[in-house]
Amino acid sequence: MASCAVRGGCPSDYVAVSVAIFSMISLIVRSTFPFLIHKVPSAKGSAFWIPVIQIIASFNFLLSIVMAINFLKYEKSHWWLSCYVWAVWFEGPLGFGLLISCRISQAFQLYYVFVKRRLPPIRSHMFLPLILLPWVAGAAFIHGKKPLNYRCHLGTHWIIPVVSLHTLYVAVLMGFTGAIRHIEFRFDELRDLWQGILVSASLIGVWVSAYILNEIHDEILWLQVVSRFMLLLTASILVLVFFSISISQPLLSQISLRKREPLELKTMGQALGIPDSGLLLHTEEAVDVDPNEPLDKLLLNKRFRQSFMAFADSCLAGESVHFFDEVHELGKIPIDDPVRRIYMARHIINKYIIAGAAMEVNISHRIRQEILTTTDLTHPDLFTNALNELIQLVKMNLAKDYWSSMYFIKFKEEARMRCCGQEMEEMSGTIFQGDFPKITMLHTHNKPRFVNCLAGYCKAISHEVMNYMLEVGDGTW
């Protein structure tokens with residue numbers, strides 16, 4: 001007991017290390033589950049790299065505790081095993097400091113987007129290094145002064161500034177979270193922030209208690225073992241609770257390891273509860289498409305829009321039509337519902353507008369900057385100028401080819417069949433008596449239309465039968 005309390009390797013130490021390993025495995029599984037199981041495409045920009053940095057910082061933080069507080073027996077014979085590498089740099093700027101700085105960066109984004117209703121004035125890849133600078137400066141100062149003893153403990157007069165720095169960042173995170181507490185978030189962002197604050201504050205309390213007990217009561221060996229066990233256990237809980245997908249990628253937060261049912265929310269519109277988002281209703285009336293009508297008017301019809309979108313995707317140029325579709329969904333959200341409009345607008349900007357976006361649309365730099373520097377993300381005309389530019393491009397590059405494509409021919413055939421189906425349903429009460437159809441009971445002006453519809457159905461059925469026979473037989477039937 002005496003030996004392991006000082007040099008490490010007690011049974012409780014191995015239990016704590018096992019908990020830390022399990023925590024990291026759970027964190028990695030939780031973060032990669034949507035991409036591996038549901039094949040969700042990965043995001044780009046800060047929505048991707050901030051969660052990745054959180055995972056790296058979590059690993060560094062747990063590893064720094066294991067290496068610096070003698071959980072395992074090893075000889076510190078190399079420079080990279082020294083206390084200053086693990087207890088100063090990996091625990092501070094590369095561990096807890098980086099982890100909470102990522103959280104502050106996310107809270108800063110939420111504050112500007114949902115309270116100020118505009119994109120943050122400084123991008124995350126610039127904001128994060130700025131708020132990390134005090135940690136780097138503090139680590140460099142401690143490294144220069146070298147106050148650590150052989151057990152990687154600071155002197156008593158160093159503990160106050162170190163704890164103050166940890167507490168300051170938790171207070172900053174709490175300040176941003178308090179500023180957005182009145183927002184009715186739909187993806188648990190506020191809950192995740194408060195959880196992170198609660199656990200991080202608890203961790204600091206345990207860390208301070210463990211440090212003081214280790215410093216003051218060196219002679220009480222069991223107390224040293226218990227204190228470091230609690231420190232690593234609390235840190236393992238922190239990295240799990242602190243991580244959240246909802247802030248960076250709200251739609252992915254709907255995919256949970258606890259849900260066994262298949263994923264139903266495939267679009268942001270569906271996740272936000274926009275009426276008829278992504279659905280084709282059977283009751284939707286069939287329309288006769290006139291190629292001479294304006295394209296933007298034709299695209300308002302969902303069936304035509306999806307047909308045109310499929311054609312554009314086949315030409316590897318579908319981002320403009322997808323953009324039109326999502327902006328159309330945004331228009332269904334009432335103006336007096338700013339939170340849902342902001343969610344949808346931010347989703348559209350991240351997916352189509354920012355440079356390097358997954359489906360970046362081809363718009364002018366002026367229009368792009370107008371959107372990115374807007375002072376109101378809920379404005380009804382936020383994407384109007386971008387839509388006008390893209391509609392002109394689509395007219396010149398895709399529309400003419402679509403009218404002569406198989407996609408349009410298929411769309412016309414399906415529209416005609418739906419039209420006939422609707423007419424036959426309307427006539428069904430008059431046509432059928434008993435078990436046999438009586439066409440003679442139809443009015444004279446309805447007979448030709450009914451016969452044409454019936455002929456169309458027979459033609460379609462014979463087409464399907466012929467295709468099936470050619471697939472399963474030798475074609476000689």
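Between the side chain of Tyr169 and the backbone N or O of Ile131, at least one donor-acceptor pair lies under 3.5 Å. Between the side chain of Ser105 and the backbone N or O of Ser101 there is no donor-acceptor pair closer than 3.5 Å. In this structure, the side chain of Glu389 engages the main chain of Ser364 through a donor-acceptor pair within 3.5 Å. Formation of a donor-acceptor pair under 3.5 Å by the Arg30 side chain with backbone atoms of Leu27 is not found in this model. Remark: the backbone N or O of Val19 is not paired with any side-chain donor or acceptor of Ser23 at under 3.5 angstrom. The backbone N or O of Met268 sits nowhere less than 3.5 Å from a side-chain atom of Tyr343 that would complete a donor-acceptor pair.
In the displayed structure, Lys297 atom NZ is contacted under 6.0 Å by at most 12 heavy atoms of other residues, nucleotides or ligands. Atom CZ of Phe127 sits in a crowded spot, with more than 12 heavy atoms from other residues, nucleotides or ligands closer than 6.0 Å. In the displayed structure, Ile335 atom CD1 is contacted under 6.0 Å by more than 12 heavy atoms of other residues, nucleotides or ligands. For Phe176, the CZ atom is densely surrounded, since the number of other residues' heavy atoms within 6.0 Å is greater than 12.
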Ile122/Phe108 under side-chain contact (heavy atoms from CB on, under 4.5 Å): CA gap, chis, key distance, verdict: CA-CA 10 Å; Ile122 181 171; Phe108 175 76; 3.8 Å; yes
Ile21 vs Ile25, side-chain contact (heavy atoms from CB on, under 4.5 Å): CA-CA, chis, key distance, verdict: CA-CA 6 Å; Ile21 294 173; Ile25 294 174; 4.0 Å; yes
Candidate pair Trp135 and Leu94, rule side-chain contact (heavy atoms from CB on, under 4.5 Å), full reasoning: CA-CA 9 Å; Trp135 290 92; Leu94 301 178; over 6 Å; no
Phe22 and Ser18: CA distance, side-chain angles, deciding distance, side-chain contact (heavy atoms from CB on, under 4.5 Å) verdict: CA-CA 6 Å; Phe22 176 78; Ser18 300; over 6 Å; no
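The heavy-atom pair separating Leu272 from Arg186 by the smallest distance is O-NH2, 3.3 Å. Counting all heavy atoms, side chain and backbone alike, Pro93 lies closest to Leu98 at O-CB, 3.2 Å. Nearest heavy-atom pair, Val170 versus Phe96, reported as atom, atom and distance to 0.1 Å: CG2-CZ, 4.4 Å. Listed here is the closest heavy atom pair of Ile348 and Phe323: CG2-CE1, 3.5 Å. When all heavy atoms of Arg340 and Ile333 are compared, the pair lying nearest together is O-CD1, 3.7 Å. The shortest non-hydrogen separation linking Ala345 to Leu330 is N-CD1, 4.4 Å.
Every residue two or more places apart in sequence or in another chain was checked for a side chain to side chain donor-acceptor pair (under 3.5 Å) with Tyr112, and none qualifies. With sequence neighbours left out, Val52 forms a side chain to side chain contact (heavy atoms under 4.5 Å, CB included) with Phe48, Ile56. Partners of Ile349 according to the side chain to side chain contact (heavy atoms under 4.5 Å, CB included) rule, which considers only residues two or more places apart in sequence or in another chain, are Leu119, Ile353, Ile354, Ile371, Leu372, Leu377, Phe383.
Between Trp86 and Phe90, the ring planes lie tilted relative to each other; the angle falls in the 30° to 60° range.
With 3.5 Å as the limit, one finds no donor-acceptor pair spanning the side chains of Asp376 and Thr374.
Between Leu238 and Ser200 there is a side-chain heavy-atom pair separated by less than 4.5 Å. In this structure the side chain of His166 never reaches within 4.5 angstrom of the side chain of Ile100, judged on heavy atoms. Within the 4.5 Å cutoff, no side-chain heavy atoms of Phe114 are placed close to those of Leu190. Between Leu110 and Phe185, the closest side-chain pair of non-hydrogen atoms falls below 4.5 Å. Looking at Ile197 and Trp194, their side chains come closer than 4.5 Å, going by heavy atoms from C-beta outward. Taking the side chain as every heavy atom from C-beta outward, Ser314 and Tyr407 approach each other to under 4.5 Å.
Interatomic distance, CD1 of Ile55 versus CD1 of Ile50, reported as 12.5 Å (0.5 Å rounding). Separating the CZ atom in Arg181 from the CE atom in Met174 is a distance of 12.0 Å, to the nearest 0.5 Å. For the atom pair NE2 of His143 and CH2 of Trp89, the computed distance is 7.5 Å after rounding to the nearest 0.5 Å. Separating the CG atom in Leu295 from the CZ atom in Phe324 is a distance of 7.5 Å, to the nearest 0.5 Å. Annotation: the span from Ile53 atom CD1 to Ser58 atom OG amounts to 11.5 Å, rounded to 0.5 Å. Atom-to-atom distance recorded for Leu232:CG and Ile65:CD1 is 5.5 Å, nearest 0.5 angstrom.
Among pairs with a residue in residues 316-328, those fulfilling salt bridge (charged side-chain N to carboxylate O under 4.0 Å, His left out) read Arg305-Asp325, Glu326-Lys351, at least two apart in sequence or across chains. Sequence neighbours left out, the pairs with a member in residues 354-371 that pass salt bridge (charged side-chain N to carboxylate O under 4.0 Å, His left out) are Glu360-Arg368, Arg366-Glu370.
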Please list every donor-acceptor pair under 3.5 Å in which a side-chain atom of residues 392-400 meets a protein atom from a residue at least two apart or in another chain.
from   : atom 1 : to     : atom 2 : distance (Å)
Asn397 : ND2    : Leu393 : O      : 3.1

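The aromatic ring centroids of Phe304 and Phe411 lie less than 6.0 Å from each other.
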